[in-house]
Engineer: 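My questions all concern the structure below.
Quantities reported herein were computed from a predicted structural model and do not represent experimental measurements. What you see below is based on every heavy atom in this structure, not just the backbone, and it leaves out hydrogens, waters and symmetry mates.
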Amino acid sequence: MILDNNGYSSNNEMNQGAANNLYPNVPQQEPEPAKEKGMFLAGLLSGVVISALTASCIYVGIRITDIYQLRRAKQTSAEGTAAESIVNDESVAKLEVIEEVIDEYYFEEEDIDVNSMIEGMYAGMVASLGDPYSVYYTEDEWKALMQETEGIYYGIGAYISLDKTTGFGKINGVIENTPAQEAGLRENDIIYQIDGELAQGLELTEIVSRIKGEAGTTVHLTLYREGEEDYLEVDVVRKQIESPTVNYEMLNDQIGYIQITEFDDVTVDQFAEALAVIKGSDAKGLVLDLRSNPGGSLSAVVDIARQILPRGLIVYTEDRAGEKVEYSCKGENELQIPLVVLVNGNSASAAEILAGAVKDYGTGTLIGTTTFGKGIVQRILPLTDGTALKLTVSAYYTPKGNNIHNIGIEPDIECEFDADAYYDEGIDNQLNRAVEEVTGMLSE
């Protein structure tokens with residue numbers, strides 16, 4: 001299985017205008033400008049941390065009993081000199097001292113949870129890398145992540161990412177007909193508090209776990225929304241969420257519309273069905289909507305690209321040793337009608353792979369705003385005790401050799417999203433601009 005996410009939901013832009021005085025007890029930090037504020041229909045639940053991480057899930061099955069031997073093998077370099085390791089006599093001795101001090105002096109003695117301390121130690125080791133995409137998963141977190149990739153889970157029905165500038169969670173998208181939409185949550189809402197507790201500085205997995213929960217239970221969110229004078233207090237009742245990843249329709253007699261909300265294992269077949277219906281409706285042009293798509297499965301996006309791209313390279317990855325892995329297309333199913341791809345600042349990772357290939361080959365026109373810019377790949381390595389690691393292992397490159405990490409992909413036609421028109425009048429100005437572009441191509 002190959003996972004992404006928008007993990008960290010990788011979309012980390014903070015809303016412009018989030019004045020520091022709206023964040024009492026928060027360090028004085030200047031927020032970054034917002035990329036977009038539209039809620040583009042579907043997302044994954046508040047628990048979808050698979051947001052924006054393209055991760056090759058390789059079932060290595062590392063045996064815990066083998067760790068000692070692995071460490072011993074690495075303790076000596078090729079030259080025979082001792083190699084530095086964080087697990088040594090000094091660090092073990094210090095851990096023992098810290099444990100003894102806690103046992104002796106910690107005030108809330110009854111609150112000491114040894115298992116939590118152990119898991120926190122493992123998580124801290126991975127967190128010390130300073131990479132928001134590298135994560136340690138406890139057994140429960142790993143099971144929950146696997147359930148989410150199957151498209152059914154319990155939560156509120158919203159994408160969540162982590163804003164690196166402020167340390168708060170952020171809503172990236174909202175699924176239609178879910179508790180999140182019913183409660184009025186919007187894309188780019190900042191999660192200030194969860195059930196009355198400050199949410200700053202938490203890991204994304206912790207934010208997600210606090211928002212998720214059993215069906216029928218309620219989570220209280222305190223939100224900051226650009227343009228509002230005060231925080232918004234919202235109660236959201238959790239329920240089972242089934243997340244379709246592809247939506248489609250005919251916009252008129254000539255133009256089809258397909259929206260991909262993320263790239264899961266189920267997305268390939270859903271896209272194939274949508275494309276077949278659109279073609280069967282005798283569409284003369286297509287709008288592919290990747291706005292606020294945080295990414296997902298590398299294998300899924302490659303398989304989808306093979307349904308529309310010409311013969312050639314789709315994407316390639318390169319690890320620290322310079323080893324490359326190429327993903328190509330035979331071109332047997334190249335799309336023969338005009339194509340426009342909608343993107344925005346929350347289009348990330350796998351979504352950027354598809355958008356980047358379309359742009360490099362010139363087979364479609366990109367409309368919207370610059371994408372998020374996540375050009376690195378994560379690999380998930382499950383351990384045999386039921387836990388797992390997700391580590392950044394390589395960078396990916398578009399067919400022309402561009403790595404868009406921290407850069408993003410610029411659209412061919414810049415079109416800012418009009419949030420007021422969308423929320424007040426139901427007008428999607430970017431989609432209208434895409435239809436206008438396709439219509440122009442058909443008249444040529």
Side-chain angles (χ1 to χ4, degrees), residues 36 38-43 173 175-176 187 244-263 267-293 301 303-310 329 331-344 346-347 350-371 409-419 421-423 425-444:
E36 301 295 348
M39 168 185 72
F40 300 106
L41 306 181
I175 303 175
E176 278 193 312
E187 184 176 341
T245 61
V246 176
N247 300 292
Y248 61 93
E249 63 177 307
M250 288 295 294
L251 298 176
N252 55 40
D253 293 339
Q254 290 189 306
I255 301 174
Y257 170 85
I258 300 178
Q259 178 199 41
I260 305 176
T261 61
E262 66 171 330
F263 294 93
T267 309
V268 178
D269 288 341
Q270 291 179 6
F271 179 81
E273 177 185 348
L275 188 60
V277 172
I278 293 299
K279 289 181 176 180
S281 300
D282 198 27
K284 301 297 189 298
L286 176 64
V287 175
L288 178 60
D289 193 346
L290 299 180
R291 291 176 295 178
S292 299
N293 181 320
V301 70
D303 286 343
I304 287 173
R306 287 170 178 155
Q307 298 183 43
I308 62 173
L309 288 182
C329 175
E332 297 172 345
N333 304 304
E334 181 179 356
L335 195 65
Q336 299 298 325
I337 58 178
L339 171 67
V340 166
V341 180
L342 286 171
V343 293
N344 68 4
N346 288 329
S347 303
E352 292 175 293
I353 288 176
L354 184 54
V358 168
K359 183 170 183 177
D360 279 8
Y361 283 112
T363 57
T365 301
L366 270 58
I367 293 179
T369 54
T370 302
T371 62
I409 300 171
E410 293 185 3
D412 299 301
I413 299 175
E414 184 82 16
C415 180
E416 294 285 344
F417 180 70
D418 188 338
Y422 181 80
Y423 289 114
E425 305 173 46
I427 297 174
D428 188 338
N429 69 300
Q430 290 178 324
L431 179 56
N432 290 345
R433 181 66 183 85
V435 171
E436 178 184 328
E437 185 67 19
V438 174
T439 301
M441 295 177 185
L442 294 177
S443 64
E444 294 178 354

Engineer: For residues Q254 and N252, report the shortest heavy-atom separation together with the two atoms involved.
Structural biologist: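 Taking Q254 first and N252 second, the nearest heavy atoms are N-OD1, 2.8 Å.
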Engineer: Which distance, rounded to the nearest 0.5 Å, do you find between the CG of L286 and the CD of Q336?
Structural biologist: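 Answer for the CG-CD pair, L286 versus Q336, is 13.0 Å.
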Engineer: Where is the tightest heavy-atom contact between P338 and L442, given as atom of each residue plus distance?
Structural biologist: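 Scanning both residues, the minimum pair turns out to be CG-CD2, 3.8 Å.
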Engineer: Quick one, L354 with L290, criterion side chain to side chain contact (heavy atoms under 4.5 Å, CB included). Give me CA distance, side-chain angles, the key distance, then yes/no.
Structural biologist: CA-CA 9 Å; L354 184 54; L290 299 180; 4.2 Å; yes
Engineer: Go through T365 and M441 one step at a time and tell me if the side chain to side chain contact (heavy atoms under 4.5 Å, CB included) criterion holds.
Structural biologist: CA-CA 10 Å; T365 301; M441 295 177 185; 3.2 Å; yes
Engineer: Where is the tightest heavy-atom contact between V246 and F271, given as atom of each residue plus distance?
Structural biologist: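 Taking V246 first and F271 second, the nearest heavy atoms are CG2-N, 3.8 Å.
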Engineer: Once you round to the nearest 0.5 Å, how far does CG of D303 lie from SG of C329?
Structural biologist: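 Going from the CG atom of D303 to the SG atom of C329 covers 10.5 Å.
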Engineer: Is the closest side-chain heavy-atom distance between L431 and L251 below 4.5 Å?
Structural biologist: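 With C-beta onward as the side chain, the pair touches.
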Engineer: Using 0.5 Å steps for rounding, measure from the CD atom of Q430 to the CG atom of D418.
Structural biologist: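 Here the rounded value is 9.5 Å.
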Engineer: Check the surroundings of atom CD in E249: do more than 12 heavy atoms from other residues, nucleotides or ligands lie under 6.0 Å from it?
Structural biologist: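 Atom CD in E249 is crowded, with more than 12 foreign heavy atoms closer than 6.0 Å.
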Engineer: Measure the shortest side-chain to side-chain distance between L335 and T363 over non-hydrogen atoms and say whether it is less than 4.5 angstrom.
Structural biologist: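 With C-beta onward as the side chain, the pair stays apart.
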Engineer: Whether the side chain of N344 engages the backbone of S292 through a donor-acceptor N/O pair (distance < 3.5 Å, no angle test) should be reported.
Structural biologist: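 Flag set: sc N344 to bb S292 pair under 3.5 Å.
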Engineer: Indicate the atoms forming the closest heavy-atom contact of E262 with T267, along with that distance.
Structural biologist: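 Scanning both residues, the minimum pair turns out to be O-OG1, 3.2 Å.
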Engineer: First locate atom CG of N346, then atom OG1 of T369, and finally report the distance between them rounded to the nearest 0.5 Å.
Structural biologist: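 Output value for this atom pair is 8.5 Å.
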Engineer: Would a 4.5 Å heavy-atom cut-off, applied to side chains only, mark M250 and I278 as touching?
Structural biologist: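 Yes, their side chains come closer than 4.5 Å.
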Engineer: Can you give me the closest heavy-atom contact between G256 and A283, atom names plus distance?
Structural biologist: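 So the minimum-distance heavy-atom pair works out to N-CB, 4.0 Å.
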Engineer: Would you check if D428 and R291 make a side-chain contact, meaning some heavy-atom pair closer than 4.5 Å?
Structural biologist: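 The answer is yes; the side chains approach within 4.5 Å.
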Engineer: Does N293 reach the main-chain N or O of A350 with its side chain, forming a donor-acceptor pair under 3.5 Å?
Structural biologist: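 Checked: no pair found.
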Engineer: Walk me through whether Y257 and D289 qualify under side chain to side chain contact (heavy atoms under 4.5 Å, CB included).
Structural biologist: CA-CA 7 Å; Y257 170 85; D289 193 346; 2.7 Å; yes
Engineer: Which pair of heavy atoms, one from T371 and one from S347, lies closest together, and at what distance?
Structural biologist: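 Taking every non-hydrogen atom into account, CB-O, 3.4 Å.
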Engineer: CG of L309 to OH of Y361: how many Å apart, nearest 0.5 Å?
Structural biologist: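 Atom-to-atom, L309:CG and Y361:OH are 7.0 Å apart.
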Engineer: Can you find a heavy atom in the side chain of T245 that is under 4.5 Å from one in the side chain of F263?
Structural biologist: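 Sidechains of F263 and T245: no contact.
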Engineer: Looking at CD of E437 and CG of L342, how far apart are the two atoms once the value is rounded to the nearest 0.5 Å?
Structural biologist: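 Between atom CD of E437 and atom CG of L342 there are 11.0 Å.
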Engineer: Is a side-chain donor or acceptor of D412 paired with a backbone partner of L366 at a separation under 3.5 angstrom?
Structural biologist: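 Present.
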Engineer: For the pair I337 and V438, evaluate side chain to side chain contact (heavy atoms under 4.5 Å, CB included) and give the outcome as yes or no after the intermediate values.
Structural biologist: CA-CA 10 Å; I337 58 178; V438 174; over 6 Å; no
